[in-house]
There are 2 protein chains.
Amino acid sequence: MLALSDTCTAAITGRGGLCACLNATLLGRLRAVAGDVRLEAGEVLFAAGSPADALYGVRHGAVMLCSWVGQERRQILSFHFSGDMVGFAAGPNHHATAIALGRASLCRIPEAEMDQDGALRGHVMGIVQRNLAQSLDMQVRLGRMSAAERVRALLVELHGRLGGGHELHLPMRIAEMADYLGLRPETVSREMSALRHDGIVGVFSPDGMLPILRPEAL
Amino acid sequence: MLALSDTCTAAITGRGGLCACLNATLLGRLRAVAGDVRLEAGEVLFAAGSPADALYGVRHGAVMLCSWVGQERRQILSFHFSGDMVGFAAGPNHHATAIALGRASLCRIPEAEMDQDGALRGHVMGIVQRNLAQSLDMQVRLGRMSAAERVRALLVELHGRLGGGHELHLPMRIAEMADYLGLRPETVSREMSALRHDGIVGVFSPDGMLPILRPEAL
DNA sequence: CGATACATTGAGGAGGGTCAATCCGGGTGG
DNA sequence: CCACCCGGATTGACCCTCCTCAATGTATCG
């Protein structure tokens, strides 16, 4: 259980994950040191302030990175799905809290492993840069887009990251979408209703399924 | 002019800049390959879509990273002052435009140089991670803070980054602060007036000087 | 079948956007 | 030396988007 499972390799190899493009030697080294983490919905992977001593690769499920202003106002900084990495920190400690959105399994790569391998570092560098680009995108949405535009942008993003098609399985609730988009749940719900009335999406079923009737209209 | 000047070294060594903590050998190598860029106010360092083939270190002056929604709505993603680095991109091309806020001078380090040195790469990695943390902070501000809180947060940030004291030299106009904070210039001006009425700051003179009367009250 | 959790919808209010007038300092030209 | 102008900051009045609060609907679970 301490080695990267085959399913992990399959999952993490896709879409620019950590293990993609690594040669057999490196992959073997990683398998040898990677730990295994399993979380239930709502469980904390790491908390803000805790030591940042490992990177995590999402095998199955989804994880979100959260930050709080006071005790009440939550901002979700990012969603991480199968194949994504979480756990980067600028300093010795995490500045945000990572929480599982549903049942999730991840592999854990100790920080120390990074220091020993140049190719690995370079690879991780690319991932961090993509995370940065993603965060800058969010700055634009939060700073300059209307509620309707933000909801559409989220659906476009998730449609792309979760593999397109005419049905989208959203692993989060309306409340999480709202806290990601800097809106209230009621506002997100209203915008979703508007998209439904325009025939762009279908009904958002409680199990997270959202039919995308006209993907191009998003 | 193609070597890092002493003033550059002095500037970039501070506060986690690129050259800080590099040993003499590395610093020498960098001096040998670093180019020199001088910009007037409003000039473009690089544009969105142009090839990302170099990193830049700000010697003097200030640079901002901008993104546009349509042709009208501008979002300023970050400000970069003396000692900061700009130019990271997730792909082969820039996703945003870098513009000088006033007269600025920078050193230019070709991308190719990165690939040849592990220590250099590791150093740059730390800088990218700090940029990411900064961007995530902005997500929180833009998503969950009121206009008053955003303006105060900006002043706290600039007060810290521009070297504290009881007077702050802001290299940008109200319009740029607004586009950074996701607000309108009128709103920023109103909040600054409120801070002035509360005796926390003084009058914002046209040359960019802002007295900070009670730094602790921010 | 009630209880709970969440989505949805409605009504009303507030924060910040929009538009416009005024102010203010600096540069220019007579 | 002064009048004029120009760009940007400031302030006011009004309005709109989104928030707030509350009621209702709906699916899941004990």
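Keep in mind that the numbers below use all heavy atoms, side chains included, and drop hydrogens, waters and symmetry copies. As the structure is a computational prediction, the values presented were derived from the model and not from experiment.
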Evaluation steps, side-chain contact (heavy atoms from CB on, under 4.5 Å), between A/His95 and B/Leu136 = CA-CA 9 Å; A/His95 287 189; B/Leu136 294 174; over 6 Å; no

key: Interatomic distance, A/Met192 CE vs C/dC6 P [rounded to whole Å]   = 16 Å

ask   = What pair of heavy atoms forms the shortest contact from A/Ser146 to B/Arg73, and how long is it?
value = N-NH1, 4.4 Å

Polar side-chain contact A/Arg190-D/dT20 base: donor and acceptor under 3.5 Å = yes

task = Calculate, to the nearest 0.5 Å, the distance between atoms CG and NE2 belonging to B/Leu162 and B/His169 respectively.
result = 9.0 Å

task = Could you tell me whether the phosphate oxygens of D/dC19, OP1 or OP2, come under 4.0 Å of any side-chain nitrogen or oxygen in A/Thr187?
result = yes

note = In whole angstroms, the gap separating P of C/dC24 from CZ of B/Arg173 amounts to 19 Å

ask   = Roughly how many Å is it from CG in B/Asp179 to P in C/dG16, rounded to a whole number?
value = 16 Å

remark   = Of the listed D/dT10, C/dG16, C/dT9, the closest approach to the B/Ile174 side chain comes from D/dT10

ask   = So what does B/Arg150 touch, heavy atoms closer than 4.0 Å: a base, only the sugar-phosphate, or nothing?
value = nothing

query = Where the side chain of A/His94 meets the backbone of A/Ala47, is there a donor-acceptor pair that is under 3.5 Å apart?
reply = no

query = What is the distance, rounded to the nearest whole Å, between atom CZ of B/Arg73 and atom P of C/dG17?
reply = 13 Å

query = What is the distance from CE of A/Met172 to C1' of C/dA5, rounded to the nearest Å?
reply = 19 Å

Pair of N/O donor and acceptor under 3.5 Å linking D/dC19 base with A/Glu186 side chain = no

remark   = Residue pair A/Gly182/A/Pro206 against DNA chain D: nearer the 5' end by closest nucleotide is A/Gly182

Upstream residue (5' side of DNA chain D) when B/Ala175 and A/Ser146 are each assigned their closest nucleotide = B/Ala175

note = With A/Gln75 as partner, the option from A/Leu142, A/Leu181, A/Asp179 fulfilling side chain to side chain contact (heavy atoms under 4.5 Å, CB included) is A/Leu142

Most 5' of A/Arg144 and A/His197 on DNA chain C, judged by nearest nucleotide = A/His197

query = To the nearest Å, how far apart are A/Leu210 CG and C/dA7 P?
reply = 13 Å

inquiry  = I need the CZ-C1' distance between B/Arg184 and D/dC14, as an integer number of Å.
reply    = 17 Å

query = What's the closest nucleotide to the B/Leu183 side chain, out of C/dA7, C/dG17, D/dT10?
reply = C/dG17

request  = Calculate the interatomic distance between A/Met177 atom CE and D/dC18 atom P; express it in whole Å.
outcome  = 17 Å

request  = Could you tell me whether B/Ser193 contacts a base, only the sugar-phosphate backbone, or nothing, with contacts defined as non-hydrogen atoms closer than 4.0 Å?
outcome  = sugar-phosphate

